[in-house]
Chemist: 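The structure under discussion is supplied below as structure tokens; questions concerning it will follow.
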2 protein chains.
Amino acid sequence: MKKSLPPKPTDTELAILRVLWRLGPATVRTVFDELNRAQATGYTTVLKMLQIMTEKGLVRRDESERSHVYETTFSEQQVQCQLVGHLLDRAFGGSAQKLVLQALATKKSSPQELAEIRKLLNELEGGKS
Amino acid sequence: MKKSLPPKPTDTELAILRVLWRLGPATVRTVFDELNRAQATGYTTVLKMLQIMTEKGLVRRDESERSHVYETTFSEQQVQCQLVGHLLDRAFGGSAQKLVLQALATKKSSPQELAEIRKLLNELEGGKS
DNA sequence: AGTTGTCAACGAAAAACTTCGTACTTGTGG
DNA sequence: CCACAAGTACGAAGTTTTTCGTTGACAACT
């Protein structure tokens, strides 16, 4: 079974995807309003982006209503996986360890977060078959 | 004290930076040869890229010899930090934890690597001031 | 029927990135 | 001095990404 992988989204596309992940299926108007909380942008710009993203397969469109409703094709995790994989190859020579160390060094994490990571670490080490 | 941060390199630029990190200061010819091991590309293309990267401040150029010698302006770690920070903001809502978990899930790491990570984790938790 | 507001579609322009041909320079060997 | 090899500079074209103005459709309201 062949799994179609998400094309790597650009930064702008990612910003839109993040809105859709947060709000669920939404119209251009909704995405536009939400996006404008953070950054000024034109309505037709968002519309065009969503049209292009539809062509690329990043989102799907329900045209049954006059205002089309867009939803993401891939889960947030799928895309994150894609992006991490890309960065891993391009910048870290494929070493997840280096990336992780860098990430932990880059941004302080709370004790809770560190505990979460430790937990996963235990599973990975312990659950070794 | 103003810290000049590296502009985010594109994928192509990153490929060149990686050669320079690996080999140290090098001429266009050297970078070109090295790059062509993996992917076919033209000599003047590499030259042009290095010229542009010089303008952007990603590399510096020693023109004292006829064949100019290029070297990176920023360390591999500095750029990795920049890229991780970028991805963190754009795709993970700033949560290093999520990125780490994703990275560990994306690619299997060896026990040694996991141990390394655990070590850093201990330092971060223990070295709490 | 006419006006108004909302929407999708389209195309064009701008910006960023990538590639490479061509021209000019300089050093080397004949 | 001439030809050739290796190098840099430059500009142009191709590609991708981003932005937005304009147009036409459609519905609601008067």
Side-chain angles (χ1 to χ4, degrees), chain A residues 6-20 23 25-71 79 82-83 86-87 90-91, chain B residues 6-20 23 25-71 79 82-83 86-87 90-91:
Chain A
K8 188 189 144 190
T10 65
D11 281 352
T12 307
E13 287 166 347
L14 195 52
I16 291 178
L17 287 176
R18 279 168 63 75
V19 170
L20 290 176
L23 303 186
T27 63
V28 177
R29 172 68 52 191
T30 307
V31 173
F32 167 70
D33 288 341
E34 192 61 23
L35 227 45
N36 267 322
R37 301 196 165 285
Q39 61 196 268
T41 182
Y43 175 86
T44 55
T45 303
V46 178
L47 171 64
K48 183 65 160 184
M49 285 305 301
L50 280 165
Q51 286 171 347
I52 290 172
M53 289 166 76
T54 303
E55 284 169 18
K56 289 191 186 176
L58 281 171
V59 298
R60 264 169 310 179
R61 173 164 63 180
D62 175 357
E63 308 182 5
S64 65
E65 298 295 322
R66 174 155 141 69
S67 294
H68 300 174
V69 174
Y70 292 85
E71 68 177 332
V79 172
Q82 160 83 17
L83 291 171
H86 190 83
L87 187 63
R90 298 283 193 268
Chain B
K8 188 189 147 191
T10 65
D11 282 354
T12 308
E13 288 166 346
L14 197 50
I16 291 179
L17 286 176
R18 279 168 63 75
V19 169
L20 290 177
L23 303 185
T27 63
V28 177
R29 173 66 53 190
T30 307
V31 174
F32 167 71
D33 288 343
E34 193 62 22
L35 228 45
N36 268 321
R37 301 195 163 286
Q39 60 197 269
T41 182
Y43 176 86
T44 55
T45 302
V46 178
L47 171 64
K48 181 67 160 184
M49 284 306 299
L50 280 165
Q51 286 170 346
I52 290 172
M53 290 166 76
T54 303
E55 284 168 19
K56 288 191 187 176
L58 280 171
V59 299
R60 264 170 310 183
R61 174 163 62 180
D62 176 357
E63 306 183 5
S64 65
E65 297 296 322
R66 173 152 145 70
S67 294
H68 299 175
V69 174
Y70 291 86
E71 69 177 332
V79 173
Q82 158 83 16
L83 292 171
H86 191 84
L87 187 63
R90 299 281 192 264

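Numbers restart at 1 for each chain; the letters A, B, ... are given by sequence-line order, proteins then strands.
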Chemist: Could you give the CZ-to-C1' distance, from B:Arg66 to D:dG7, as a whole number of Å?
Modeler: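 One finds 4 Å between C1' of D:dG7 and CZ of B:Arg66, rounded.
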Chemist: Would you give the length of the straight line joining atom NZ of A:Lys56 to atom NZ of A:Lys8, rounded to the nearest 0.5 angstrom?
Modeler: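 The NZ atom of A:Lys56 sits 10.5 Å away from the NZ atom of A:Lys8.
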Chemist: Any chance you could measure A:Arg18, atom CZ, to A:Leu35, atom CG, to the nearest 0.5 Å?
Modeler: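 Between A:Arg18 CZ and A:Leu35 CG, I get 11.0 Å after rounding to 0.5 Å.
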Chemist: Roughly how many Å is it from CG in B:Leu50 to C1' in C:dT19, rounded to a whole number?
Modeler: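 Checked: the CG to C1' distance equals 14 Å.
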Chemist: A:Tyr43 has an atom OH; how far is it from atom C1' of C:dA8, in whole Å?
Modeler: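 Atom-to-atom, A:Tyr43 to C:dA8, this comes out as 7 Å.
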Chemist: To the nearest 0.5 Å, what is the distance between OH (A:Tyr43) and CZ (A:Arg29)?
Modeler: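 Result: 5.0 Å between the selected atoms.
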Chemist: Between B:Leu47 and A:Thr44, which residue's closest nucleotide on DNA chain D lies nearer the 5′ terminus?
Modeler: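 This one resolves to B:Leu47.
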Chemist: Given C:dA9, is OP1 or OP2 found less than 4.0 Å from the side-chain N or O atoms of A:Gln51?
Modeler: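 For C:dA9, OP1/OP2 do have a side-chain N/O of A:Gln51 under 4.0 Å.
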Chemist: Is any side-chain nitrogen or oxygen of B:Arg29 closer than 4.0 Å to OP1 or OP2 of D:dA6?
Modeler: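 Looking at the OP1 and OP2 atoms of D:dA6, neither is under 4.0 Å from any side-chain N or O of B:Arg29.
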Chemist: Would you mind classifying the nucleic acid contact of A:Thr45 as base, sugar-phosphate or nothing, using non-hydrogen atoms under 4.0 angstrom?
Modeler: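 Base, at least one base atom sits under 4.0 Å.
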Chemist: How many whole angstroms separate atom NZ of A:Lys8 from atom C1' of D:dT16?
Modeler: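 Taking NZ of A:Lys8 and C1' of D:dT16, I get 13 Å after rounding.
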Chemist: Rounded to the nearest angstrom, tell me the gap between atom NZ in B:Lys48 and atom P in D:dA12.
Modeler: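 Answer to the nearest Å: 11 Å.
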Chemist: I'd like to know if B:Glu71 pairs up with B:Arg61 as an ion pair, taking the criterion as any Lys NZ or Arg NE/NH1/NH2 lying under 4.0 Å from an Asp or Glu carboxylate oxygen.
Modeler: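 Not counted as a salt bridge, because no side-chain N and carboxylate O are separated by less than 4.0 Å.
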Chemist: In whole angstroms, how far is the P atom of C:dC7 from the CZ atom of A:Phe32?
Modeler: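 Spelled out: CZ on A:Phe32 to P on C:dC7 is 10 Å.
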Chemist: Can you sort out which residues in residues 52-65 of chain A have a heavy atom within less than 4.0 Å of DNA chain D? Ascending by number, please.
Modeler: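 Correct list: A:Ile52, A:Lys56.
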Chemist: Please enumerate all residues that pass salt bridge (charged side-chain N to carboxylate O under 4.0 Å, His left out) together with B:Glu65, with sequence neighbours excluded.
Modeler: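 In terms of salt bridge (charged side-chain N to carboxylate O under 4.0 Å, His left out), with neighbours along the sequence ignored, B:Glu65 is linked to no residue.
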Chemist: Drop me the distance from A:Thr12's OG1 to A:Gln39's CD, to the nearest 0.5 angstrom.
Modeler: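 Spacing of OG1 (A:Thr12) from CD (A:Gln39) equals 7.5 Å.
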Chemist: Send over the distance from A:Asp11 CG to D:dT17 P, rounded to a whole Å.
Modeler: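 It is 11 Å, rounded to the nearest whole Å.
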Chemist: Can you tell me how far C1' of D:dT17 sits from CD of A:Glu13, to the nearest Å?
Modeler: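 The distance from CD of A:Glu13 to C1' of D:dT17 comes to 8 Å, rounded to the nearest Å.
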Chemist: Any side-chain N or O of A:Thr10 less than 4.0 Å from the OP1 or OP2 oxygen of D:dT18?
Modeler: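 For D:dT18, OP1 or OP2 has a side-chain N or O of A:Thr10 closer than 4.0 Å.
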Chemist: Please state whether the phosphate of C:dT18, meaning OP1 or OP2, lies under 4.0 angstrom from any side-chain nitrogen or oxygen of B:Thr12.
Modeler: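 So the side chain of B:Thr12 is within the cut-off, an N or O lying under 4.0 Å from OP1 or OP2 of C:dT18.
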Chemist: Apply side-chain contact (heavy atoms from CB on, under 4.5 Å) to B:Val46 and B:Asn36, showing your working.
Modeler: CA-CA 10 Å; B:Val46 178; B:Asn36 268 321; over 6 Å; no
Chemist: Taking for each residue the nucleotide of DNA chain C bearing the nearest heavy atom, is the 5' side occupied by B:Gln39 or by A:Thr27?
Modeler: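 Per heavy-atom nearest nucleotide, the more 5' residue is A:Thr27.
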